[in-house]
**Q** 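Input: one structure, supplied below.
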Number of protein chains: 2
Amino acid sequence: MVTIYDIAAKANVSAMTVSRVINNTGRISEKTRTKVKRVMEELNYVPNQMARSLVLQQTNLLFLLITDITNPFYTTLARGAEDAARKHGFRLLFGNSDEDLDKENEYLDTILKTRTDGVLVAPTGDASLPHLEMLRKHGVPFVLIDREVPGVESDIVLGDGKEGARQLVGHLAERGHRRIALINGSPHVSSARQRLEGFREALKLNDLAYSENNVLETSFGPRNDLSEVGAWLDRIDPDTTAIIAGNNFLAVEVMRSLAARGRKAPDDMSIVCFDELASYAEVDPFVTVISQQAYQFGYLGMQMLIDRIKEGEAAGPWKKIVLPSELIVRRSVKTLG
Amino acid sequence: MVTIYDIAAKANVSAMTVSRVINNTGRISEKTRTKVKRVMEELNYVPNQMARSLVLQQTNLLFLLITDITNPFYTTLARGAEDAARKHGFRLLFGNSDEDLDKENEYLDTILKTRTDGVLVAPTGDASLPHLEMLRKHGVPFVLIDREVPGVESDIVLGDGKEGARQLVGHLAERGHRRIALINGSPHVSSARQRLEGFREALKLNDLAYSENNVLETSFGPRNDLSEVGAWLDRIDPDTTAIIAGNNFLAVEVMRSLAARGRKAPDDMSIVCFDELASYAEVDPFVTVISQQAYQFGYLGMQMLIDRIKEGEAAGPWKKIVLPSELIVRRSVKTLG
DNA sequence: CTGTTAGCGCCTTCAC
DNA sequence: GTGAAGGCGCTAACAG
């Protein structure tokens, strides 16, 4: 491996001079600068970030931890985060926790060990509390995205899940649906709780009955075994005419389970959900959704993170950004009566 | 920051003993071991990977560089790569080059600087040659995925683009299509070249005419401005009845452009493409595709990379895995005549 | 303008 | 079993 000492020797200067050339610090004569630069090129020198970080106590590396890299909501978010990080000269690394607390833990371990400068994280759920406390304790700035964690104070970017649920219920009610079911993420995830709460409030608002039986709380992540979803479909109230899915994947799974039963949306069951089904504007898109500004989640979150890093942790109160979502009406809802 | 010296002091041992406990090396009495471990917990000690890597000359970090994090093909691939890396105890970091040579360059820079142990990379195209040579020169093992780069010898995982194109053309021909157009990625990307070549061969095989006018070579990445696609649609041979898209996003863009012209698949134009449109089995999927085993691309590629790292670079000849793809017939093709 | 010294946190080597 | 010395590659602080 080529080091600054190799460069120094060949250029007849000290290592310190080489270091100065690399970092553009101090005063260096133009002559030695060009000489050093030439030698660096000749020897294909690449600075060793490990050594650099060790002495500087900072890595210039930021980390984005998402819960599902195959979900278009998060990948679009990732694009936003990446753009913001690049704009400020930070390098961005990604990790995928897969809605799995253990994997999240592994990545947190990596983050701590590699002394990442900051983290943008969508926590797997309330159980992420100790992980976030760990970050806080070790002085690693972080910003939460998409999900709150009770007991954690921090900058955060959220969607308005309650309002989204209200819009969905309102839309279904308008179309004549009186019995609506909800399949949702885990109650240990704040976004799922928000959506459930909005759902219940909206039912009341529209004079619709809430039925425990019509709510399934499962996981936001994709699953191979659809039997849980199927069994739930078999036991929901028979007069149910519409289902709200807590996210895009759940909607897909409901539709697959329906298909396995020879039923189809919207004729046999109306369906709506949170989040777009594909990152890319779908052709002939079918499902009526509450679309969130995924890119903005990432971009604004990263912005806040970098601000926090630059200002120092203690600068100002925690900021909370709530991004509105938008109802996009498509063809998955049948108009009744 | 807590260091092994802090631990050592509090546990009344030397730093070396602490190091031995951490790494489970050498012989340590059970008593001091437990004592040291207790102190580590008390002080919330986290090993400094920077310092560790600096002396060990290895990071235990692998890097996955893909060209589009919003494309389900690559995210599914990423899942596969991640699973394989985890299985072997490596941490995986992701980067997204966005089909952009400059961004690719930045990530390569990061990779070299951080002394990543190995890289799984989908190059942006033939122009990635110097980047890969850089990796080689610096002794960073890498495995290519999805795309070859002329002039680079390495382990590689590829799809069979020629065969895929043949199947698509064959399928269209069977359905009575005589004039087929192709919208493809850049000719500087090997997968695009393969698909074009397969396309031409298959036309000949089916006694169909090749028309220069009916081929557009653009980029695989998504674009905001669809005017190029639209202009092309306006000038292709008027008797064209079917379009093959070189990847999923191109198919979407064609369909959007068609829609903007008041035309719709499959009635006004049949369309097929490479790669699934969504990571997740689409509900009521519409487009007939050549589906690639995205997960396997990642899993097998990562496997090869880790083998290479463990055996040492010089172990054995380069391996090449060609994954077959599968034609999945859906509803986007009209049967003619 | 340039060089010397010291140390970031850790591990290898060699003592004891 | 355990410890001391030295060095991984780099830069801050101080000299000159």
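Chain A is the first sequence line, chain B the second, and so forth, proteins listed ahead of strands; every chain is numbered from 1. Owing to the predicted nature of the structure, the values given are computational and were not obtained by experimental measurement.
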**Q** Can you name the residues that form a salt bridge (Lys or Arg N to Asp or Glu O under 4.0 Å) with A:Lys113, not counting sequence neighbours?
**A** A:Asp109
**Q** Under a 4.0 Å N-O cut-off, is there an ion pair linking A:Glu30 with A:Arg33?
**A** yes
**Q** Earliest and latest nucleotide of DNA chain C, 5' to 3', sitting under 4.0 Å from a non-hydrogen atom of chain A?
**A** C:dC1 to C:dG9
**Q** Mind checking if B:Ser53 touches a base, just sugar-phosphate, or nothing, with heavy atoms under 4.0 Å?
**A** nothing
**Q** If you fit an axis to the five pairs at each end of the helix from C:dC1-D:dG16 to C:dC16-D:dG1, how big is the angle between those two axes, to 10 degrees?
**A** 40°
**Q** Does atom CD of A:Glu133 have more than 12 heavy-atom neighbours from other groups under 6.0 Å away?
**A**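 Atom CD in A:Glu133 is packed in, count exceeds 12.
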**Q** I'd like the 5' and 3' limits of the part of DNA chain D contacted by chain B, with heavy-atom contacts below 4.0 Å.
**A**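 So the contact region on DNA chain D extends D:dG1 to D:dG9.
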**Q** Going by the rule side-chain hydrogen bond (donor to acceptor under 3.5 Å, both in side chains), which residues pair with A:Ser29 if we only count those two or more places apart in sequence or in a different chain?
**A** A:Thr32
**Q** Within residues 4-26 of chain B, which residues have any heavy atom lying less than 4.0 Å from an atom of DNA chain D?
**A**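 Contacting residues: B:Val13, B:Ser14, B:Met16, B:Thr17, B:Arg20.
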**Q** If a pair satisfies salt bridge (charged side-chain N to carboxylate O under 4.0 Å, His left out) and one of its residues is in residues 295-305 of chain B, list it, with sequence neighbours excluded.
**A**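 Matches after skipping sequence neighbours: none remain.
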**Q** Between B:Glu99 and B:Ser219, is there a side-chain donor-acceptor contact under 3.5 Å, judged purely by atom types and distance?
**A**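 Absent: no donor and acceptor within the cut-off.
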**Q** Please list, in numerical order, the residues of residues 38-49 of chain B that have a heavy atom closer than 4.0 Å to any atom of DNA chain D.
**A** none
**Q** So which pairs with a foot in residues 119-138 of chain A pass ring-ring contact (aromatic ring centres under 6.0 Å, His included), sequence neighbours left out?
**A**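 As it turns out, there is no ring-ring contact (aromatic ring centres under 6.0 Å, His included) pair with a partner in residues 119-138 of chain A once direct neighbours are skipped.
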**Q** Return whichever of B:Leu54 or B:Arg27 has its heavy-atom-nearest nucleotide of DNA chain D closer to the 5' end.
**A** B:Arg27
**Q** Distance from B:Tyr295 atom OH to B:Leu300 atom CG, nearest 0.5 Å?
**A**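 So the OH of B:Tyr295 and the CG of B:Leu300 are separated by 9.5 Å.
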**Q** In a table with atom names and distances, give each donor-acceptor pair under 3.5 Å that connects a side chain of residues 37-45 of chain A to protein atoms at least two apart or in another chain.
**A**
| residue | atom | partner | partner atom | Å |
| --- | --- | --- | --- | --- |
| A:Arg38 | NH1 | A:Glu42 | OE2 | 3.2 |
| A:Glu42 | OE1 | A:Lys10 | NZ | 3.2 |

**Q** Is the number of heavy atoms from other residues, nucleotides or ligands within 6.0 Å of NZ (B:Lys319) greater than 12?
**A**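 Yes, NZ of B:Lys319 has more than 12 neighbouring heavy atoms, counting only those of other groups under 6.0 Å.
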**Q** Check the pair A:Thr110 / A:Thr114 against side chain to side chain donor-acceptor pair (under 3.5 Å), numbers first and verdict last.
**A** CA-CA 6 Å; A:Thr110 303; A:Thr114 59; over 6 Å; no
**Q** Show me the donor-acceptor pairs within less than 3.5 Å that the side chains of residues 46-65 of chain B make with the rest of the protein, sequence neighbours left out.
**A**
| residue | atom | partner | partner atom | Å |
| --- | --- | --- | --- | --- |
| B:Asn48 | OD1 | B:Met50 | N | 2.8 |
| B:Asn48 | OD1 | B:Ala51 | N | 3.2 |
| B:Gln49 | NE2 | B:Ser53 | OG | 3.0 |
| B:Gln49 | NE2 | B:Thr59 | O | 3.1 |
| B:Arg52 | NH2 | B:Asn23 | OD1 | 2.2 |
| B:Ser53 | OG | B:Gln49 | O | 2.7 |
| B:Thr59 | OG1 | B:Leu61 | N | 3.3 |
| B:Thr59 | OG1 | B:Arg115 | O | 3.1 |
| B:Thr59 | OG1 | B:Asp117 | N | 3.4 |
| B:Thr59 | OG1 | B:Asp117 | OD1 | 3.2 |
| B:Asn60 | ND2 | B:Gly89 | O | 3.2 |

**Q** Pair B:Lys87, B:Gln303 - check side-chain contact (heavy atoms from CB on, under 4.5 Å), show working.
**A** CA-CA 10 Å; B:Lys87 199 178 118 190; B:Gln303 193 91 287; 4.3 Å; yes
**Q** Would you kindly say whether B:Tyr74 and B:Asn96 are connected by a side-chain donor-acceptor distance under 3.5 Å?
**A**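 No, no side-chain donor-acceptor contact under 3.5 Å.
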**Q** Tell me the salt bridge (charged side-chain N to carboxylate O under 4.0 Å, His left out) pairs involving residues 58-71 of chain B, sequence neighbours left out?
**A**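 Of all non-adjacent pairs touching residues 58-71 of chain B, none passes salt bridge (charged side-chain N to carboxylate O under 4.0 Å, His left out).
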**Q** Quick one: label A:Met1 by what it contacts on the DNA or RNA (base, sugar-phosphate, nothing), any heavy atom closer than 4.0 Å.
**A**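 Result for A:Met1 = sugar-phosphate.
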